[in-house]
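Notes follow once the structure below has been shown.
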Amino acid sequence: MPQPTEHRRLLAWIEETAALTTPDRIVWCDGSPDEWNEITDSLVEAGALVRLDPEKKPNSFWARTDPGDVARVEERTFICSVDEADAGPTNNWTDPAEMKATMTELYRGCMRGRTMYVIPFCMGPLDAPQPMFGVELTDSPYVVASMRIMTRMGSAVLEAMGDDADFVPALHSVGAPLEPGQADVAWPCNEIKYISHFPETREIWSFGSGYGGNSLLGKKCYALRIASVAARDEGWLAEHMLIMKLTSPEGQVRYIAGAFPSACGKTNLAMLEPTLPGWKVETVGDDIAWMRFGEDGRLWATNPEFGLFGVAPGTDFHTNPNAMRTLARGNSVFTNVALTDDGDIWWEGMGEPPAHLRSWRGEDWTPGSDTPSSHPNSRFCTPIEQCPILADEYHDPRGVPIDAILFGGRRKTTIPLVTEARDWVHGVYLGATLSSETTAAAVGQVGVVRRDPMAMLPFIGYHAGDYFQHWIDMAKGAPGDAAKLPKIFYVNWFRRDDDGGFLWPGFGENSRVLKWVVERLDGKGEAVETAIGHVPTAAAIDRTGMNLSDEALEAALRVDRDEWLAEIPQVTEWFTKIGDKLPAVLWSELDALRARLQD
Ligand code: GDP
Ligand code: PGA
Ligand code: MN
């Protein structure tokens, strides 16, 4: 195949990688529909994908991973900064030269018997003032198909790169070379996994996993871990946030960003269908926000992605109808969900289960089976442009000016439905101490409370203490006008009653909380000043048309002194772990909170 570019650095890197990994052939991805058809057809033929019934889900596919390759592997994720101190206490670190030596041996010959695909991609619009390019080299056609959904990729990107544009080189291999004549498996991967980042040289090396979060390198690896480092150096923010446009019945428009850990409600909130009449939500982004101060002193956010990679279980017409409408338009890949006998997909949360399914493990499944049909971290991967409520602003390289930032986690106790921070630094404190129960989105125990600062624990590409300082310093970017800073709120949709039920119904009903947030931005909305911040009174939450008792709402909003006092030693331990680089103002915030609680 002739080389479609004269980009010397790119060509040299491809040549070097091919010499190391020895693929049978190299394919430059152009991003065309023909290429998509060829790749998905060949995956179907190989048994790696099953084509769904085109009447139900046109041009869509069912994929099953190896049962050991279902989620991000935080234990195997590394920030290989030159200086260990720059990775900080929250990241795994290995010396970059040592990591490269180790991985070079793993990569040697690892693409034997396979094709190496070259995927030029761009995070954010191609017509941005500084398009953010990357090139992924991968031996996984599943990754090529998924990257075509999740990023702007192909010939147009390569062309825009010209012969000298900067780009993030992102190398990926499933780590499963084939001997001559050896039959392939449906989901090749390797027990040995490394997801490595080299922040100084802005490189990504991923080995052994095909799961999205580990293999679609434009997403968490580039747009969060590598971009957060660039953002620190250049004075902007790369955050794990949804972005939504919210219009009130009076036609007032507000833009809200929200950081919740993986599988804690970003995609759902981004596509919310309000139960409050007259309110309208439009989606700008569901997972990642890049934010910079504009000349107007406001914080502008863009979504660098092109698709949605959403948690499947729990998604249906009652919880997230807009996701269902997006998926109905087809062109999607479903991974580790169940397959129905009539060629559609099904997962837990979609109402009554059919009498028979093929489970995510490929086995017969009936409603009597004692394990779920779909993996709890099963995913849909679908083009964002199919979202029926996509905001026009999604396409604007300038993005949208953020009015409010929500931090949120999954906590059964303690954290009220919504709290407003007193000011920016207090808001940074709320973000820095954010806690959440672990989910199936990462390998490991589920349901354990851990600190997950700004929902970025697995994604900060440098020292968490420096990251907090960067957040504090961002306020200085709002030239002379603190009033233009977004207001910060902390939400928890997941508080439980004594029987383990959710105190707050969530999903579309979250619009009622958003209404209060907007009222607070306007200087209205009733709140009580508590030790932890401003919390609405039960009367301040609009319950029109809603059947929720005073007791339940009051329990969802309650600030329990004992529960909060129990948090203090945990936060102290967390801050101590961050060490000397923890900004002193955050210690002061903790001291002030303790004093208010003991008052
Ligand atoms: P993301 O990974 O942060 O984008 O999270 P998702 O929006 O995909 O949601 C993850 C899981 O949480 C899904 O199973 C959802 O059904 C569930 N979820 C999302 N929002 C809510 C909510 O407001 N209340 C409750 N109880 N569950 C929610
Ligand atoms: P999400 O992340 O759960 O935040 O959508 C995707 C992932 O875990 O890779
Ligand atoms: Mn999501």
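The chain is numbered in sequence order, starting from 1. Counting starts at 1 for both ligands and their atoms, following the listed order. Values reported hereafter were calculated over all heavy atoms of this structure, with side chains retained and with hydrogens, waters and symmetry mates removed.
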Test of proximity, A263 against ligand 1: N or O pairs below 3.5 Å: yes

May I ask you to identify, for W504, whether its side chain, its backbone, both or neither come under 4.0 Å of ligand 1 on a heavy-atom basis? neither

Can you tell me if P261 has a non-hydrogen atom under 4.0 Å from ligand 1? yes

NZ or CZ of R152 within 45° of F121 ring axis and under 6.0 Å: no

In ligand 1, the atoms that come under 4.0 Å of a heavy atom of N268 are 6 (P), 7 (O), 8 (O), 9 (O), 15 (C), 19 (C), 20 (N)

Side-chain donor-acceptor pair present, N331, Q386, cut-off under 3.5 Å: yes

Aromatic ring proximity F407/W471, centre distance under 6.0 Å: yes

Do T267 and ligand 1 have an N or O pair less than 3.5 Å apart? yes

Using a strict threshold of under 4.0 Å (side-chain N to carboxylate O), is an ion pair present between D550 and R543? yes

Closer than 4.0 Å to some heavy atom of V311 - which atoms of ligand 1 meet that? 2 (O), 8 (O)

May I ask you to check if R292 and W236 form a cation-pi contact, with NZ or CZ under 6.0 angstrom from the six-membered ring centre and within 45° of the axis? yes

Ligand 1 and S262, any nitrogen or oxygen pair closer than 3.5 angstrom? no

Which atoms of ligand 1 have any heavy atom of G314 under 4.0 Å away? 16 (O)

Using the ring of Y194 (Phe, Tyr or Trp, six-membered ring only), decide whether R76 places NZ or CZ under 6.0 Å from its centre and within 45 degrees of its axis. yes

Please work out whether the ring planes of F306 and Y394 are parallel, tilted or perpendicular, with thresholds of 30° and 60°. parallel

Check if N510 has a non-hydrogen atom at a distance under 4.0 Å from any atom of ligand 1. yes

If I apply the N/O under 3.5 Å rule, does P505 come out as touching ligand 1? no

Answer yes or no as to whether an N/O/S atom of T267 is found below 2.8 Å from the Mn ion (ligand 3). yes

Row check, F260 ring normal vs K266 NZ/CZ: under 6.0 Å, within 45°: no

Answer yes or no: does an N/O atom from D286 fall short of 3.5 Å to an N/O atom of ligand 1? no

Look at K220 together with D287 and state whether they make a salt bridge at an N to O cut-off of under 4.0 Å. yes

Is ligand 1 under 4.0 Å from a heavy atom in the side chain of P313, in the backbone, in both, or in neither? backbone

Can you confirm if the NZ or CZ of R72 lies within 45° of the ring axis of Y211 and under 6.0 Å from the centre of its six-membered ring? no

Should one rank F507, W347, F260 by closest heavy-atom distance to atom 28 (C) of ligand 1, which comes out on top? F507

Any atom of ligand 1 sitting under 4.0 Å from a heavy atom of R410? yes

